[in-house]
Amino acid sequence: ARGTYDGAIREKIDRVWARPAGIPEGLSCVVAVRLGPGGTVLSAQVTRSSGNAAFDRSAETAVLRADPLPMPEDPVLAAPYRAGIELIFAPDN
């Protein structure tokens with residue numbers, strides 16, 4: 001079940017992510033995301049930078065724009081999402 005929600009979250013974020021123009025290929029960053037009830041995005045923060053501020057900011061913004069994110073209704077399955085998950089933004093992979 002977890003993989004289903006991870007995939008749905010990624011898909012929703014990818015639909016709203018606007019990669020900045022002129023960004024070099026090969027960049028990646030990690031964004032830590034905490035979700036609240038109903039998939040509300042409580043926080044989105046880069047925990048491993050790509051070294052490019054515009055790229056990092058675009059990743060954080062994409063998570064916030066995708067709010068609310070898909071989240072299981074079952075409290076046991078939802079617990080990891082509420083505690084926090086990490087999303088890797090690596091468009092060239």
Side-chain angles (χ1 to χ4, degrees):
R2 169 98 193 241
T4 301
Y5 286 97
D6 288 353
I9 287 170
R10 172 56 65 188
E11 185 178 307
K12 187 166 184 190
I13 292 169
D14 285 348
R15 283 197 309 259
V16 299
W17 186 23
R19 181 179 170 163
I23 296 296
E25 291 188 15
L27 295 181
S28 69
C29 71
V30 176
V31 178
V33 180
R34 273 189 45 242
L35 300 178
T40 301
V41 176
L42 300 176
S43 66
Q45 182 176 17
V46 170
T47 57
R48 192 184 81 219
S49 175
S50 67
N52 184 296
F55 181 88
D56 293 354
R57 196 169 37 254
S58 75
E60 284 181 348
T61 300
V63 173
L64 296 171
R65 287 182 59 209
D67 181 44
L69 294 172
M71 187 164 149
E73 290 183 24
D74 180 327
V76 173
L77 293 176
Y81 298 96
R82 293 181 68 104
I85 57 171
E86 290 190 330
L87 301 174
I88 300 169
F89 284 78
D92 302 314
N93 292 342

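Just the heavy atoms: all of them, side chains too, but no hydrogens, waters or symmetry mates, feed the values below.
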(request) Please confirm whether the backbone N or O of Val31 pairs with a side-chain atom of Glu60, one donor and one acceptor, at under 3.5 Å? (result)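 The answer is no, because no donor-acceptor pair under 3.5 Å joins these two groups.
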(request) Return yes if some donor-acceptor pair links the side-chain N/O of Ser58 with the main-chain N/O of Phe55 below 3.5 Å, else return no. (result)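 A pair under 3.5 Å: yes.
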Nearest atoms (heavy-atom pairs only) where [X] meets [Y]:
{"X": "Leu27", "Y": "Pro91", "value": "O-CD, 3.8 Å"}
{"X": "Lys12", "Y": "Pro70", "value": "CD-CD, 4.2 Å"}
{"X": "Asp56", "Y": "Gly51", "value": "OD2-N, 4.2 Å"}
{"X": "Glu86", "Y": "Thr47", "value": "OE2-OG1, 3.6 Å"}
{"X": "Ala62", "Y": "Ile13", "value": "CB-CG2, 3.9 Å"}
{"X": "Ala78", "Y": "Met71", "value": "CB-CE, 3.5 Å"}

(message) Check whether Phe89 forms a cation-pi arrangement with Arg10 (NZ or CZ under 6.0 Å from the six-membered ring centre, at most 45° off the ring normal).
(response) yes
(message) Exactly one of Leu87, Val41, Ile85 should register a side-chain contact (heavy atoms from CB on, under 4.5 Å) with Leu69. Which one does?
(response) Val41
(request) Indicate if Val46 and Leu64 have the same hydrophobic cluster label, given that clusters are the connected sets of ILVMFWY residues with side-chain heavy-atom separations under 4.5 angstrom. (result)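 Yes, same cluster.
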(request) Establish whether Leu42 and Val30 are linked, either directly or via other cluster members, by ILVMFWY side-chain heavy-atom contacts under 4.5 Å. (result) no
Measure the [atom1]-[atom2] distance between [X] and [Y] for me, rounded to the nearest 0.5 Å.
{"X": "Thr4", "Y": "Ile9", "atom1": "OG1", "atom2": "CD1", "answer": "11.0 Å"}
{"X": "Asn52", "Y": "Arg57", "atom1": "CG", "atom2": "CZ", "answer": "8.5 Å"}
{"X": "Glu25", "Y": "Arg19", "atom1": "CD", "atom2": "CZ", "answer": "6.0 Å"}

